[in-house]
There are 2 protein chains.
Amino acid sequence: MASHDERCASCAIRHQAICGALSDEELTALNAIAHFRKVRAGQTVMADSEPSSFFGNVLSGAVKLTKMMPDGRQQIVGLLFPSDFLGRAFSPDAPYYAEAASDVELCTFPRTEFERLLKAFPTLEHRLLEHTLDELDASREWMLLLGRKNAEEKVASFLVMIARRARNVGCAGSGNLDFARFALPLSRAETADYLGLTIETVSRQITRLRARGLISLEKGRTFVVPSIRALAQVAEPNGTRLD
Amino acid sequence: MASHDERCASCAIRHQAICGALSDEELTALNAIAHFRKVRAGQTVMADSEPSSFFGNVLSGAVKLTKMMPDGRQQIVGLLFPSDFLGRAFSPDAPYYAEAASDVELCTFPRTEFERLLKAFPTLEHRLLEHTLDELDASREWMLLLGRKNAEEKVASFLVMIARRARNVGCAGSGNLDFARFALPLSRAETADYLGLTIETVSRQITRLRARGLISLEKGRTFVVPSIRALAQVAEPNGTRLD
DNA sequence: CGCGGGATTGAGCCGAATCAATGCAGGTGG
DNA sequence: CCACCTGCATTGATTCGGCTCAATCCCGCG
């Protein structure tokens with residue numbers, strides 16, 4: 001029992017995750033049903049066909065949520081980072097397919113037990129609601145990107161989003177807030193599926209941004225963004241032209 | 001007080017809306033803060049800049065939620081029909097702009113009072129969560145459309161979605177379930193902004209679908225879909241080729 | 001009757017997809 | 001250690017779907 005509390009106390013992402021702001025009693029109950037789980041990059045976390053038996057918090061790594069059309073076309077509809085919640089409450093099967101984008105650590109909860117706790121503890125359900133609302137906002141932001149941005153803006157927006165997320169994870173206050181350096185958890189193919197583009201177009205746009213000095217690449221998937229602000233300017237050009 | 005209960009009792013959309021499954025006590029409290037409101041087509045319901053002071057249920061008509069880029073490009077990120085909930089809980093200003101697509105009737109609740117009731121009545125918050133999860137599912141479905149479907153599929157998907165929604169409103173069991181006939185609440189320009197296309201492309205695809213007999217138009221924005229199933233086949237072609 | 005806003009249709013162009021080749025690093029076996 | 005493979009990324013040439021620009025058309029309305 002005491003060890004349960006300790007586990008949570010030392011949890012790096014507790015405050016942001018749905019466990020944040022829970023009472024001791026609630027936290028203990030939640031912890032009593034929690035299981036640690038690792039998933040290797042590329043492995044399925046939950047399939048959209050078979051009903052998933054659990055929920056979970058992402059502790060480390062990244063999980064991608066994808067939707068697929070019968071003919072194979074694919075779209076990533078969500079990307080989960082540490083402290084994000086995984087799973088579709090109140091519906092046996094999620095309308096998407098969840099896969100580990102990198103090696104992932106999860107704090108999982110069996111479906112039925114977790115839903116029982118949701119009923120028992122309104123605070124927990126409240127946290128889940130807040131979380132869901134944030135995800136809805138994010139997915140609408142992405143709809144704007146998918147529907148109205150061109151390839152260059154899409155890639156820039158994507159890198160800005162990742163850069164900002166990565167900063168939060170890599171601990172705050174580490175010098176320049178406008179600078180970022182991170183390992184992209186996605187391949188080119190996955191990036192393309194996230195942005196509604198093809199591999200080739202993503203690659204071309206990255207080289208163009210590199211040529212303009214807005215980003216640089218060091219071995220593999222590690223990106224350096226000298227100025228997030230400048231990159232964000234490309235992601236969403238404002239009306240003022242400066243030619 | 002008794003009149004309050006009566007109003008809800010006669011409400012056509014109560015069961016689907018967040019008011020559904022509330023106890024008498026809860027319903028009375030909610031009703032005590034409710035105000036009826038009409039908004040004319042084209043009018044702003046809530047602006048994304050100024051903090052909105054209320055939430056609401058859509059009683060009749062359709063509300064569109066749009067996002068805009070600094071340079072004017074626009075994307076509709078949500079379309080609300082009767083029984084849908086309007087507003088962003090726990091955040092003073094919604095990250096989008098809400099406008100009446102047609103003449104709209106709303107059942108509104110002042111922000112602070114409604115958030116107080118959410119705290120007081122977990123059942124209400126639970127309903128809101130279920131509703132938000134559904135919207136999240138829908139918006140992810142739309143991400144697939146925006147990112148991976150071509151113009152023809154987009155327009156067909158859109159019409160199928162509206163046709164299905166319209167059937168629910170127009171009362172169930174009215175003969176053929178595969179047939180639909182409805183007045184589109186959106187102009188071509190709005191449809192384009194919903195699908196990430198231009199007016200011209202939307203128009204062309206509609207004429208093509210008409211030529212194939214999959215839809216027909218009668219004066220203005222009234223559509224007839226003889227077979228929703230056949231149209232859905234165009235919206236999401238399955239792998240099996242039949243040439 | 002003429003006006004005006006939305007919708008349709010047409011001609012040409014451009015950006016991203018497609019098709020195809022090449023590059024590059026990590027891993028494996030001779 | 002090097003040759004070879006394999007999976008991912010880059011680059012180039014070409015095509016094509018949807019955008020742009022522009023001309024009607026349609027219909028309600030003053």
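The sequence lines fix the lettering, A, B, ..., with proteins before strands; numbering per chain opens at 1. Just so it is clear, the values below take in all heavy atoms, side chains as well, and ignore hydrogens, waters and symmetry mates.
Residue-level contact check: A:S187 touches the backbone only, with heavy atoms under 4.0 Å from sugar-phosphate atoms and none from bases. Nucleic acid contact for A:L197: sugar-phosphate only, since backbone atoms but no base atoms lie under 4.0 Å from a heavy atom of the residue.
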Which atom pairs link the protein and nucleotides 20-26 of chain D when you take only N or O atoms and keep those under 3.5 Å?
from: D:dT20; atom 1: O4; to: B:R204; atom 2: NH2; distance (Å): 3.0
from: D:dC21; atom 1: N4; to: B:E200; atom 2: OE2; distance (Å): 3.0

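Rounded to whole Å, the distance from CG on A:D193 to P on D:dA9 is 12 Å. Per the geometry, CD1 belonging to A:I199 stands 19 Å off P belonging to C:dC24, to the nearest Å. Summarising the geometry, the separation between CG on A:L217 and P on C:dC24 is reported as 14 Å, rounded to the nearest angstrom. One atom, CG of B:L209, and another, C1' of C:dA7, lie 16 Å apart when rounded to the nearest Å. Separating the CD atom of A:E190 from the C1' atom of D:dA9 is a distance of 14 Å, rounded to the nearest angstrom. Regarding B:R208, its CZ atom lies at a distance of 14 Å from the C1' atom of C:dT9, rounded to whole Å. Distance, A:R188 CZ to D:dT11 P: 10 Å, rounded to whole Å. Computed from coordinates, the B:L195 CG to D:dC19 C1' distance equals 15 Å when rounded to whole Å.
Between B:R148 and B:E153 there is no salt bridge, since none of the side-chain N atoms of the basic residue sits less than 4.0 Å from a carboxylate O of the acidic one. Salt bridge status for A:R208 with A:E152: present, with a side-chain N to carboxylate O gap under 4.0 Å. Salt bridge A:K149/A:E236: present, at least one basic N to carboxylate O contact under 4.0 Å. Checked for salt-bridge contact, A:D193 and A:R73 miss the test: no charged N lies under 4.0 Å from a carboxylate O. The existence of a salt bridge linking A:R188 and A:E200 is excluded, since no basic side-chain nitrogen approaches an acidic carboxylate oxygen closer than 4.0 Å.
Considering A:L80, A:N57, A:L59, A:V39 as possible partners of A:L106, the one that fulfils the side-chain contact (heavy atoms from CB on, under 4.5 Å) test is A:V39.
Distances shown here put a side-chain N or O of B:R221 below 4.0 Å from the OP1 or OP2 atom of C:dA7.
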Original post:
Is there a side-chain contact (heavy atoms from CB on, under 4.5 Å) between A:K38 and A:Q43 once you walk through the steps?
Top reply: CA-CA 10 Å; A:K38 286 191 182 201; A:Q43 295 303 106; over 6 Å; no
Original post:
Is there a side-chain hydrogen bond (donor to acceptor under 3.5 Å, both in side chains) between B:S139 and A:S139 once you walk through the steps?
Top reply: CA-CA 7 Å; B:S139 98; A:S139 97; 2.3 Å; yes
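The salt bridge (charged side-chain N to carboxylate O under 4.0 Å, His left out) test applied to B:R210 returns no partner, not counting sequence neighbours.
For B:Q205, whose side chain is taken as the heavy atoms from C-beta onward, the closest listed nucleotide among D:dG28, D:dT11, D:dG18 is D:dG18.
For DNA chain C, the neighbouring residues in residues 143-159 of chain A, judged by any heavy atom under 4.0 Å, are A:N150, A:A151.
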